[in-house]
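Remarks on the structure that follows.
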Amino acid sequence: MIGLQWGDEAKGKIVDLLTECHDVVVRYQGGANAGHTVVTGGQTYKLSLIPSGILRSGVQCVVTGGVVLNPPSILGEIDGLRSRGVEVGGNLLISDRAHVIFPWHMVEDRLTEGAARNGEAIGTTMRGIGPCYRDKVGRANAIRLGDLYRADFRERVERIVAHKSRIIAAIAGDQPTGQDADRLDAATIAADYEQYAERLRPHVADTTTYLLDTLEAGRRVLFEGAQGALLDIDHGTFPYVTSSNSSGVGISSGAGVPGRYLNRIIGVVKAYGTRVGGGPFPTEQDNDLGQHLRDRGNEYGTVTRRPRRCGWFDAVAARYTARLSGVDTLAVMLLDVLSELAEIKICTAYEIDGRRVTVFPSQVDDLRRARPVYETLPGWRQEISHVRALSDLPPNARRYLDRLSQIIGRPVEIVSIGADREQTIQAIHDSGVDE
Ligand code: IMO
Ligand code: MG
């Protein structure tokens with residue numbers, strides 16, 4: 001399951017629904033920048049690092065080595081779940097290969113964003129995600145979860161803190177470094193992380209081998225993508241992206257699972273567009289319509305509470321990410337948010353320097369100059385959150401879904417018309433068939 005936009009596609013709800021027919025649920029990239037909301041049994045759960053499958057008994061949850069792990073944050077999630085009666089024990093495995101986020105990563109995240117003040121900042125979630133992935137690729141200053149149990153762990157922390165302190169002082173110049181920078185004390189950090197390591201010990205495993213064994217045994221595994229494909233480090237709107245492969249192509253590398261085991265991919269889209277943070281967003285509506293979508297869709301970040309930028313559905317982008325991610329079918333989320341509108345637009349092409357294109361640009365500067373070409377469809381102007389069958393949706397709502405499906409070239413399998421598990425329409429709805 002992959003988000004096809006810039007994140008926040010309501011993936012949490014889809015994972016929860018799909019979990020019913022899976023034995024194992026896997027988080028394989030990203031970190032505590034993700035915010036997944038699941039509403040079940042009248043309760044709302046906000047999960048970040050732990051797969052949403054944790055809410056169902058008998059489901060094995062796995063956090064693989066492709067994830068960057070913030071120990072206090074995952075421990076906080078574990079405590080929060082347990083205090084609400086959710087069992088977290090052997091049903092949660094965490095890879096010993098996962099790279100660990102340390103306080104210096106948060107300081108670096110803030111400083112890098114500060115340094116971009118003159119250009120457009122990426123607008124990261126400040127969770128240290130980019131700096132931790134940078135250290136992973138750079139190798140010399142990286143610490144993996146398994147390293148926390150080694151005899152030389154303290155020594156490593158001391159060496160890295162000495163190195164990072166010099167870098168941070170140099171980048172900071174006269175910028176305020178904030179309190180965390182002053183608190184980069186190797187002994188304290190090492191002692192804190194040794195405690196976290198003790199608490200995490202029962203969950204730590206070689207998840208690559210576990211998953212290979214599981215798949216070879218024919219069990220059903222669900223891979224839960226975080227963020228969205230347009231934020232993919234290699235194939236998204238670089239540099240306004242996250243630091244991992246958040247499109248479908250990231251599953252294999254993040255989880256250590258060969259592509260031959262991926263037999264069905266669901267692409268999750270919101271019925272309109274949103275983006276949080278910087279970077280171009282051709283269909284953005286920085287006006288009353290955008291505010292209407294923000295209010296109705298409660299478009300405020302789960303992690304940072306930032307108001308999300310809102311706009312029309314960008315089918316040029318979604319068609320690209322559906323192809324890139326190998327998507328079989330679509331889940332269209334938050335359709336009810338459009339219910340009051342008289343007209344609804346879909347971006348079907350861009351005009352860049354007077355040329356009409358339907359290929360998603362590889363260069364962010366081109367995307368910045370792209371002017372959306374819209375197709376306008378009539379709205380349905382009635383509430384739909386009680387609807388449970390495709391045939392009970394107003395004809396104009398069906399027409400909108402048909403058109404999305406047709407342009408993206410994938411059938412719509414699921415339509416969501418509210419946050420609750422019940423507010424879901426199962427709809428295999430082949431593209432073009434009804435037209
Ligand atoms: P979920 O899983 C929406 C965005 C940030 C920023 C950029 C880089 O809830 O859909 P980072 O902290 O990752 O270095 O920030 O990516 N971003 C998200 N936007 N949903 C998310 O996750 C996001 N995770 C990161 O806003 O623009
Ligand atoms: Mg989010």
Side-chain angles (χ1 to χ4, degrees), residues 1-16 26-38 45-52 63 66-70 73 77 99 101 105-114 116 119-137 223-247 250 254 267-270 273-281 284 294 297-310 321 325 331 333-334 364 419:
M1 183 226 59
I2 303 289
L4 298 184
Q5 294 156 312
W6 279 290
D8 306 323
E9 297 92 349
K11 299 179 290 292
K13 171 168 170 174
I14 292 297
V15 181
D16 179 53
V26 182
R27 256 298 295 279
Y28 58 88
Q29 47 71 232
N33 48 351
H36 297 169
T37 308
V38 181
Y45 295 90
K46 296 209 183 288
L47 296 163
S48 190
L49 278 159
I50 299 184
S52 325
V63 177
V67 167
V68 284
L69 194 83
N70 182 321
S73 156
E77 269 182 75
H99 282 254
I101 297 189
H105 293 129
M106 256 80 86
V107 178
E108 288 177 297
D109 210 349
R110 209 170 48 233
L111 285 174
T112 315
E113 285 285 285
E120 186 181 5
I122 294 173
T124 74
T125 58
M126 300 286 178
R127 296 296 188 274
I129 305 291
C132 185
Y133 276 118
R134 184 163 64 209
D135 280 338
K136 163 178 167 170
V137 177
F223 296 91
E224 169 180 358
Q227 288 85 51
L230 293 170
L231 289 170
D232 187 290
I233 181 76
D234 290 306
H235 309 287
T237 52
F238 189 86
Y240 300 97
V241 293
T242 192
S243 299
S244 64
N245 286 117
S246 52
S247 71
V268 189
V269 292
K270 192 170 335 202
T274 63
R275 176 162 207 174
V276 52
F281 177 13
E284 181 169 16
R294 190 174 302 119
N298 187 25
E299 295 294 354
Y300 294 89
T302 314
V303 178
T304 58
R305 300 306 304 161
R306 288 178 289 177
R308 296 179 185 141
R309 300 156 67 192
C310 297
T321 50
S325 300
M333 314 303 288
L334 291 125
V364 81

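In listed order, ligands and their atoms are each counted from 1.
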Distance to 0.1 Å, residue and atom name: give those for the protein heavy atom nearest to [atom].
{"atom": "atom 4 (C) of ligand 1", "result": "Leu231 CD1, 3.9 Å"}
{"atom": "atom 8 (C) of ligand 1", "result": "Val241 O, 3.3 Å"}
{"atom": "atom 9 (O) of ligand 1", "result": "Gly35 N, 3.0 Å"}
{"atom": "atom 12 (O) of ligand 1", "result": "Thr125 OG1, 2.6 Å"}
{"atom": "atom 13 (O) of ligand 1", "result": "Thr242 OG1, 2.6 Å"}
{"atom": "atom 27 (O) of ligand 1", "result": "Val276 O, 3.1 Å"}
{"atom": "atom 20 (N) of ligand 1", "result": "Asp8 OD1, 3.0 Å"}
{"atom": "atom 15 (O) of ligand 1", "result": "Thr124 CA, 3.3 Å"}

TODO: Please determine if Gly278 has a nitrogen or oxygen closer than 3.5 Å to a nitrogen or oxygen of ligand 1.
DONE: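 Gly278 vs ligand 1: no N/O contact under 3.5 Å.
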
TODO: State the count of protein N/O/S atoms located less than 2.8 Å away from the Mg ion (ligand 2).
DONE: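 Total protein N/O/S atoms under 2.8 Å from the Mg ion (ligand 2): 1.
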
- [ ] May I ask which of Gln5, Gln227, Glu113 has a heavy atom nearer to atom 24 (N) of ligand 1 than the others do?
- [x]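 Nearest heavy atom to atom 24 (N) of ligand 1 lies in Gln227.
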
Task: Heavy-atom nearest neighbour of atom 5 (C) of ligand 1 within options Gly7, Gly277, Gly123 - done: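 Nearest heavy atom to atom 5 (C) of ligand 1 lies in Gly123.
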
For [Y], is there any backbone N or O sitting under 3.5 Å from a side-chain donor or acceptor partner on [X]?
{"X": "Glu77", "Y": "Leu49", "answer": "yes"}
{"X": "Arg306", "Y": "Thr304", "answer": "no"}
{"X": "Glu108", "Y": "Gly128", "answer": "no"}
{"X": "Lys270", "Y": "Asp8", "answer": "yes"}
{"X": "Ser246", "Y": "Gly228", "answer": "yes"}

Open item on the list: For Lys13, give me all partners under salt bridge (charged side-chain N to carboxylate O under 4.0 Å, His left out), at least two apart in sequence or on another chain.
Closed with: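 None.
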
Open item on the list: Hydrogens and angles aside, do Asn245 and Gln29 bring a side-chain donor and acceptor to less than 3.5 Å of each other?
Closed with: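 Distance-only check fails for Asn245 and Gln29.
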
TODO: Scan side-chain atoms only and decide if Thr124 and Asp109 contain a donor-acceptor pair under the 3.5 Å cut-off.
DONE: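 Short answer, yes.
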
Open item on the list: With the threshold set at under 4.0 angstrom, would you say His36 reaches ligand 1 through any of its heavy atoms?
Closed with: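 Per 4.0 Å heavy-atom rule, His36 contacts ligand 1.
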
Task: Numbered atoms and elements of ligand 1 in range of Trp6, under 4.0 angstrom, heavy atoms - done: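 Result: 3 (C), 19 (N).
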
